Number of protein chains: 2
Amino acid sequence: MPTHYRGTAGERRALNAYIALLRAAESVTSRLAGPLGREGLTTGQFGVLEALLHLGPMCQKTLGRKLLRSGGNITLVVDHLEHRGLVSRRRAGADRRFVTVELTEAGKTVIRQTFPSHAKRIVGEMKPLAPGEQESLRRLCRRLGRGGGA
Amino acid sequence: MPTHYRGTAGERRALNAYIALLRAAESVTSRLAGPLGREGLTTGQFGVLEALLHLGPMCQKTLGRKLLRSGGNITLVVDHLEHRGLVSRRRAGADRRFVTVELTEAGKTVIRQTFPSHAKRIVGEMKPLAPGEQESLRRLCRRLGRGGGA
DNA sequence: CTCAAATAGTTTAATATTAAACCATATGGC
DNA sequence: GCCATATGGTTTAATATTAAACTATTTGAG
């Protein structure tokens with residue numbers, strides 16, 4: 001659904017690129033969320049578990065930064081995961097402000113079971129693009145993610 | 001934040017492209033949401049108003065399809081907009097199931113005031129990419145948005 | 001040493017987001 | 001004409017998402 005805005009060519013180009021970016025991200029994520037939900041995880045919960053699996057235990061602040069989520073949201077998502085016994089929290093260092101989050105054994109089991117099939121689905125979602133195109137997409141998106149805003 | 005998953009090269013490529021896509025979409029949207037919020041609109045509300053401005057009145061089902069949102073969510077967002085007097089709803093056709101949503105005069109005023117500055121911000125966010133690159137991004141994303149899932 | 005400023009996390013309030021259940025309306029095979 | 005099925009919208013329940021306010025802890029200038 002491209003924009004119907006009648007601005008300059010440059011404006012329309014930027015708007016159309018932005019809209020296409022959003023729609024791609026939203027529709028792919030939406031398609032991936034269904035199977036994930038049937039395994040009992042929301043997209044956000046999966047993101048937390050995956051970060052902890054691959055990057056190791058970390059404080060909530062770091063989690064929020066890596067996942068681009070607010071502090072309040074991390075607290076809530078980690079609350080739920082903790083309730084399910086998938087992660088644990090503790091104030092592990094000398095600085096008592098920091099709460100370190102790490103996977104429990106149950107959490108490791110769940111994410112190790114879930115991740116491979118999720119990865120396969122992502123591969124499938126990227127199939128419309130050839131390898132070089134996937135690379136191009138990645139490079140273009142990384143430049144946007146850094147923050148434009150002239 | 002690329003994946004630390006040790007799968008095949010193809011898997012890592014797909015995962016990294018997907019992650020970059022998500023991060024770009026989320027970070028740009030997040031940066032745009034701030035100024036929009038200060039004008040009193042959420043991203044979702046803006047989407048509805050903009051669609052109605054450029055595409056004309058339409059039923060909620062159509063709104064949901066164009067904006068990639070669920071029926072329940074459209075009901076809620078439109079509820080709030082209606083409460084603020086920015087849109088109106090009526091069962092306009094012979095089929096009494098359909099609710100047509102359209103901008104009120106107040107709604108037109110708001111979106112006409114808000115849209116140009118928002119468009120400018122989007123242009124700014126796309127600045128890291130040259131015109132041709134914006135085109136490439138749009139083409140790549142459109143192919144993903146259609147639904148892969150091999 | 002004191003205390004203003006900074007920082008991590010939590011709470012609060014408002015809105016968003018979905019799937020599923022529910023209700024009203026329309027459709028079309030029998 | 002009857003009724004099972006389909007469809008648009010609403011409601012329900014659960015979770016997500018944010019900014020701002022709040023609490024506790026840390027830092028570093030004076």
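Predicted model, so just to flag it, every value in this text is computed and none were measured. Per chain, numbering begins at 1; letters A, B, ... match sequence-line order.
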Please name all residues satisfying salt bridge (charged side-chain N to carboxylate O under 4.0 Å, His left out) with B:Arg139, sequence neighbours left out, ordered by chain then number. B:Glu135
Apply side-chain hydrogen bond (donor to acceptor under 3.5 Å, both in side chains) to B:Glu105 and list each qualifying residue two or more places apart in sequence or on a separate chain. B:Lys108
For A:Ser88, all residues meeting side-chain contact (heavy atoms from CB on, under 4.5 Å), sequence neighbours excluded: A:Glu102, A:Thr104
When you compare the side chain of B:Leu49 with that of B:Phe115, does any pair of heavy atoms fall below 4.5 Å? no
Distance-only donor-acceptor hits, side chain of residues 35-44 of chain A, under 3.5 Å, sequence neighbours excluded:
residue: A:Glu39; atom: OE2; partner: A:Arg121; partner atom: NH2; Å: 3.2
residue: A:Thr42; atom: OG1; partner: A:Gln45; partner atom: N; Å: 3.1

To the nearest angstrom, the CD-P distance between B:Gln60 and D:dT7 comes to 18 Å
Listed partners of B:Arg89 passing salt bridge (charged side-chain N to carboxylate O under 4.0 Å, His left out), at least two apart: B:Asp79, B:Glu82
Any residue meeting side-chain contact (heavy atoms from CB on, under 4.5 Å) with B:Leu68, in chain and number order, not counting sequence neighbours: A:Arg23, A:Glu26, A:Ser27
Partner residues of B:Arg96 under the salt bridge (charged side-chain N to carboxylate O under 4.0 Å, His left out) criterion, sequence neighbours left out: none
Any base atoms under 4.0 Å from A:Leu63, or only sugar-phosphate, or nothing? Heavy atoms, all strands. nothing
Shoot me the first and last contacting nucleotide of DNA chain C against chain B, ordered 5' to 3', at under 4.0 angstrom to non-hydrogen atoms. C:dT15 to C:dA26
Which residues in residues 70-81 of chain B have at least one heavy atom lying under 4.0 Å from any atom of DNA chain D? B:Gly71, B:Gly72, B:Thr75
Looking at residues 89-101 of chain A, who's got a heavy atom less than 4.0 Å off DNA chain C? A:Arg89, A:Arg97, A:Phe98, A:Val99
Residues forming a side-chain hydrogen bond (donor to acceptor under 3.5 Å, both in side chains) with A:Ser136, sequence neighbours excluded: none
By side-chain hydrogen bond (donor to acceptor under 3.5 Å, both in side chains) - contacts of B:Arg97 (at least two apart): B:Asp95
